[in-house]
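Please read the structure below before turning to the comments.
Below, chains carry the letters A, B, ... as their sequence lines are ordered, and counting in each starts from 1. As the structure is a computational prediction, the values presented were derived from the model and not from experiment.
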Amino acid sequence: MSEEKSLNFLEEIIENDIAEGKNGGRIHTRFPPEPNGYLHIGHATSICLNFGLANKYNGKCNLRFDDTNPVTEETEYVESIKYDIKWLGFTWDNELYASDYFEQLYGFAVTLIKKGLAYVDDSTAEEIAATKGSTFEPGKNSPYRDRSIEENLQLFEEMRAGKYKDGEKTLRAKIDMAHPNLLLRDPLMYRIKHAHHHRTGDSWCIYPMYDFAHGQSDSIEHITHSICTLEFIHHRPLYDWFIEQLGIFPSHQYEFARRNLTYTVMSKRKLLQLVNENHVTGWDDPRMPTISGMRRRGYTAKALREFSDTIGIAKRENIVDISLLEFCVREDLNKIANRVMAVLDPVKLVITNYPDGQEEQFETDNNPGDEAAGKRWLPFSKELWIEREDFMEEPAKKFFRLAPGLMVRLKSAYIVKCEGFKKDDAGNVTEVHCSYLPESKSGNDTSGLTVKGTIHWLSVPHAKTAEVRMYDRLFKVEDPSNEDGDFKSYINPDSMVVLPNVYIEPALASAKDGEHYQFMRKGYFCVDKDSTAENLVFNRTVTLKDAWAKEVKKG
RNA sequence: AGUUCGAUUGUGUAACGGUAGCACAACAGACUCUGACUCUGUUUGUCUAGGUUCGAAUCCUAGUCGGACUACCA
């Protein structure tokens, strides 16, 4: 496969810029999160994009926290964001903060005042909103719009000095109240907030608006390609206006369409609701589309990067099928996860012709696709646990498992033939009775038989137990945000089903937090951080593809 | 209404005037000591209407549909 991978539209722009010698061929991107929440899969895409582009074109990528709103931002979020980026496999060139530029930004504001391009406004928030106009109506000039430069300078200085209360005054850019782009109708540059900032403490009581900080921060850092999502496209003319009036480095912003995923929600507001209203256990609940949640669920960084690569990047609205994400997760886990046996819904299998009290050990591959993963031993005895669904009293068509008269291979052990079963008064099968073929021993099979089915099993006296949390998609509908009514009414009630007593191989008892396993024929699972010495907890990361389930569905 | 971005199979993304391709999903089959993995094959697409051209997903015109914008949030 030597075919060239085609370029996405950002790579095309970058390669053109390099070809034309723009910025001396230098490429510098940045990832600019606000430290007011946890990163989600949408951010992961942006991280992969920005860091990936820098890597590909031998450039640099900064991590810059856009921390211009002290009320919502916290150091805790800074730490979680840094952790997630590192975990995803990326390293930033500089760790920066918009708050590092507060003094410089203040200077920019003074410059604009002196050029007659900014003014202090005494209007209230309501008055400003009321005079903003609308998409079909121009706005009205503020009565304070024509204050003298000297007066503006003095008032702005007093704002900084703490002479005024929150909301009493703002600094606004003097652009055009009739501009067709609402964002250019004298946008706010500074507001008063007597609030403690996570980094600058109490040294400021005025804070720049995002729009007055973001573009200039990029400029200060000499970012060549400032990449963000489409909803900021209307802000670009404003950033360009500030940059031009200030005569500073012309960073250029490029916008791409944010990625949406089926069966989930992505907005911070909605995710926050899920957490606050206890629909999930926290930001890192394995059902959350947060990076921390997916990590806990057992998704790997490699799978997330692969997913990001595969879905590509464009400008049209989209909703990516979550099965693609799941495919990427399986693809990676298939390579790295050791196979083990676990019986989730047990029924006892008794081998009638196996001697009482006899035990054997069978050797089996940890990963048949990876010799280096090694082998392990499985204890075997007369009584085994098997999966309840692997037995049918009256077998369906194409059912290749156990039913009276049918044979299966016990994985890595013997071929057994079902001779009968026992039921309780309620009609539930309590025991399956089989005979085994001693000459069919795995690895040394002289029986000459081939059976269609192979099932997993666990020796009753040797099996240990664990708690298993079976996760499924969080919502019942593809696009919960687009349905009528409250998105939360579409939560999947079965998104987490806890199995408190699952049988596992004895070797699994020492599994460690975060380890990935494939429970053969059942799916990929990982050890949850809630595990204790007494109670091991596994999360189901994702199921295996299941052709039989499809067959059953078809009826 | 204004500004602005967009429209290629069920989903995502290519094709840069010259055979509409790739991945996922779906379907059919092969293989299988995991009904997994792997492999093979199949179905489904250029928003509409005009125009330019030997030739249009691509260029032009007009329309249609969808998104975003009217926070002292980012």
Side-chain angles (χ1 to χ4, degrees), chain A residues 3 5-8 12 32-34 36-37 66-69 71-73 121 123-125 128-129 132-139 166-172 179-185 188-193 207 209-211 213-214 228-237 255 257 259 262 268 310-328 330-331 334-335 339 341 364-365 368-369 398-401 408-413 415 440 442-443 445 450-456 478 518-523 543-551:
Chain A
E3 78 190 52
K5 199 171 180 244
S6 53
L7 302 179
N8 65 46
E12 277 182 16
E34 184 193 11
N36 72 341
D66 273 341
D67 54 351
T68 54
N69 185 357
V71 179
T72 57
E73 295 152 5
D121 195 339
S123 306
T124 63
I128 288 176
K132 182 110 189 180
S134 66
T135 52
F136 51 93
E137 200 183 14
D166 286 11
E168 210 175 325
K169 291 188 186 331
T170 58
L171 184 73
R172 291 230 258 168
H179 201 286
N181 180 343
L182 286 322
L183 289 164
L184 274 81
R185 318 244 261 227
L188 263 58
M189 295 161 57
Y190 269 90
R191 74 290 216 193
I192 300 170
K193 276 182 193 284
Y207 292 92
M209 298 291 291
Y210 174 83
D211 275 350
H214 187 79
C228 66
T229 46
L230 230 36
E231 69 266 26
F232 290 104
I233 198 164
H234 302 90
H235 299 240
R236 191 171 70 210
E255 305 86 8
R259 321 314 311 226
T262 54
K268 266 188 196 172
T310 306
I311 60 177
I313 201 71
K315 298 178 84 160
R316 74 179 83 125
E317 56 176 319
N318 60 80
I319 179 158
V320 181
D321 194 333
I322 197 161
S323 62
L324 178 57
L325 211 206
E326 294 175 341
F327 169 82
C328 293
R330 289 191 190 103
E331 190 182 39
N334 178 46
K335 292 195 190 101
R339 273 60 171 168
M341 297 205 255
T364 191
D365 288 329
K398 294 201 232 173
F399 182 76
F400 306 140
R401 306 176 191 177
V408 295
R409 155 82 58 188
L410 295 173
K411 171 70 186 170
S412 297
I415 291 175
S440 68
S442 185
D445 186 346
T450 52
V451 290
K452 197 94 169 135
T454 299
I455 66 171
H456 59 283
E478 278 202 358
Q518 184 196 102
F519 289 2
M520 292 195 94
R521 306 205 302 135
K522 289 280 116 186
T543 59
L544 257 24
K545 275 175 54 176
D546 189 346
W548 172 243
K550 273 185 196 169
E551 195 66 39

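Nucleic acid contact class of F400(A) (heavy atoms, under 4.0 Å, all strands): base. When heavy atoms are screened at a 4.0 angstrom cut-off, T543(A) is found touching no nucleic acid atom at all. If you check every strand for non-hydrogen atoms under 4.0 Å, K268(A) touches nothing. Across all strands shown, A125(A) has heavy atoms under 4.0 Å from base atoms, whether or not it also approaches the sugar-phosphate. Within 4.0 Å of N181(A), counting heavy atoms only, lies no atom of the nucleic acid at all. Residue H456(A) is out of contact with every strand shown, counting any heavy-atom pair closer than 4.0 Å. Residue G167(A) is in base contact, counting any heavy-atom pair closer than 4.0 Å across all strands shown. When heavy atoms are screened at a 4.0 angstrom cut-off, E326(A) is found touching no nucleic acid atom at all. Residue I455(A) is classed as having no contact, given no heavy-atom separation below 4.0 Å to the nucleic acid. Among the heavy atoms of the strands lying under 4.0 Å from I313(A) are primed sugar atoms or P, OP1, OP2 only; no base atom is included. Among the atoms of the strands shown, base atoms are found under 4.0 Å from some heavy atom of L182(A). Within the nucleic acid shown, R401(A) comes within 4.0 Å of at least one base atom, counting heavy atoms only. Within the 4.0 angstrom heavy-atom criterion, base atoms lie near S134(A). At a threshold of 4.0 angstrom between heavy atoms, the contacts of R339(A) include nucleobase atoms, whether or not backbone atoms are also involved.
Between D445(A) and I415(A) there is a side-chain heavy-atom pair separated by less than 4.5 Å. The shortest side-chain heavy-atom distance between N36(A) and N69(A) does not fall under the 4.5 Å cut-off.
Here, G35(B) and U46(B) have their C1' atoms 38 Å apart, quoted to the whole Å. Spacing of P atoms, A36(B) relative to G17(B), comes out at 44 Å, to the nearest Å. As rounded to the nearest Å, C33(B) and G21(B) have P atoms that lie 37 Å from one another. Rounded to whole Å, the C1' atom of C24(B) lies 36 Å from the corresponding atom of C73(B). If you take atom P in G51(B) and the same atom in G67(B), they sit 32 Å apart, rounded to whole Å. Look at the C1' atom in both U13(B) and U70(B): the space between them is 34 Å, to the nearest Å. Distance noted for atom C1' between G63(B) and G10(B): 27 Å (whole Å). The separation of C65(B) from A25(B), taken at their C1' atoms, amounts to 26 Å, rounded to a whole angstrom.
Side-chain nitrogen and oxygen atoms of K315(A) include none within less than 4.0 Å of the OP1 or OP2 phosphate oxygen of A68(B). At least one side-chain nitrogen or oxygen of T68(A) sits closer than 4.0 Å to the OP1 or OP2 atom of A74(B). One finds a side-chain N or O of R191(A) lying less than 4.0 angstrom from the OP1 or OP2 phosphate oxygen of A74(B). For U8(B), one of the phosphate oxygens OP1 or OP2 lies less than 4.0 angstrom from a side-chain nitrogen or oxygen of R316(A). The phosphate of C33(B) (OP1 or OP2) has no side-chain N or O of R521(A) nearer than 4.0 angstrom.
Distance check, rounded to the nearest 0.5 Å: NE2 of H234(A) to CG of L183(A) gives 7.5 Å. Rounding to the nearest 0.5 Å gives a distance of 5.5 Å between CD1 of I455(A) and CG of L410(A).
Distance from the side chain of M520(A) is smallest to U34(B) among U34(B), G12(B), G35(B). Closest to the F136(A) side chain, of the nucleotides A36(B), A1(B), A68(B), is A1(B). Closest to the side chain of I319(A), out of A74(B), A68(B), G12(B), is G12(B). When each of U13(B), C73(B), G2(B) is scored by its nearest atom to the side-chain atoms of P180(A), the top-ranked nucleotide is G2(B). In the set A68(B), G35(B), C72(B), the nucleotide with an atom closest to the side chain of E231(A) is A68(B). When distances run from any side-chain atom of E73(A) to the nucleotides C33(B), G35(B), A74(B), the shortest one goes to A74(B). Nearest to the side-chain atoms of K550(A) among the listed nucleotides G2(B), A26(B), A74(B) stands A26(B). The nucleotide whose nearest atom lies closest to any side-chain atom of H234(A) is, among C69(B), A14(B), C72(B), C69(B). Considering only the side chain of N334(A), C37(B) comes nearest among C37(B), U70(B), C33(B). Out of A74(B), U34(B), U13(B), the shortest distance to the side chain of T454(A) is found at U34(B).
Following rounding to the nearest Å, R236(A) (CZ) and A74(B) (P) show an atom-to-atom distance of 21 Å. Per the geometry, NE2 belonging to H179(A) stands 10 Å off P belonging to U4(B), to the nearest Å. Across the protein-nucleic acid pair, Y210(A) atom OH and C73(B) atom C1' stand 11 Å apart, rounded to whole Å.
In this structure a side-chain-to-backbone donor-acceptor pair under 3.5 Å is missing from R339(A) to T364(A). When atom types are taken as modelled, the side chain of N8(A) and the backbone of G312(A) share no donor-acceptor pair closer than 3.5 angstrom. The closest donor-acceptor contact from the side chain of T262(A) to the backbone of I322(A) lies under 3.5 Å. A donor-acceptor contact shorter than 3.5 Å links the side chain of R330(A) to the backbone of T543(A).
Counting all heavy atoms, side chain and backbone alike, Y207(A) lies closest to K193(A) at CE1-O, 3.2 Å.
Mapping V451(A) and T310(A) onto RNA chain B via the closest heavy atom, the residue that lands nearer the 5' end is T310(A). Place E317(A) and K193(A) on RNA chain B by their nearest nucleotides, and E317(A) ends up nearer the 5' end.
Every side chain to side chain donor-acceptor pair (under 3.5 Å) that H235(A) has, sequence neighbours left out, goes to D211(A). Among residues two or more places apart in sequence or in another chain, the side-chain contact (heavy atoms from CB on, under 4.5 Å) test is passed with L182(A) by K132(A), T135(A), R185(A).
In terms of polar N and O atoms assigned as donor or acceptor, the side chain of Q518(A) comes within less than 3.5 Å of the base of U34(B) in a complementary pairing. Side-chain N/O atoms of S323(A) and base N/O atoms of C24(B) include no donor-acceptor pair closer than 3.5 Å.
With pairs defined as Watson-Crick or G-U wobble and both atom distances under 3.5 Å, the stems of at least three pairs that touch RNA chain B come out as B:2-7 with B:64-69, B:10-13 with B:21-24, B:26-30 with B:38-42, B:47-51 with B:59-63.
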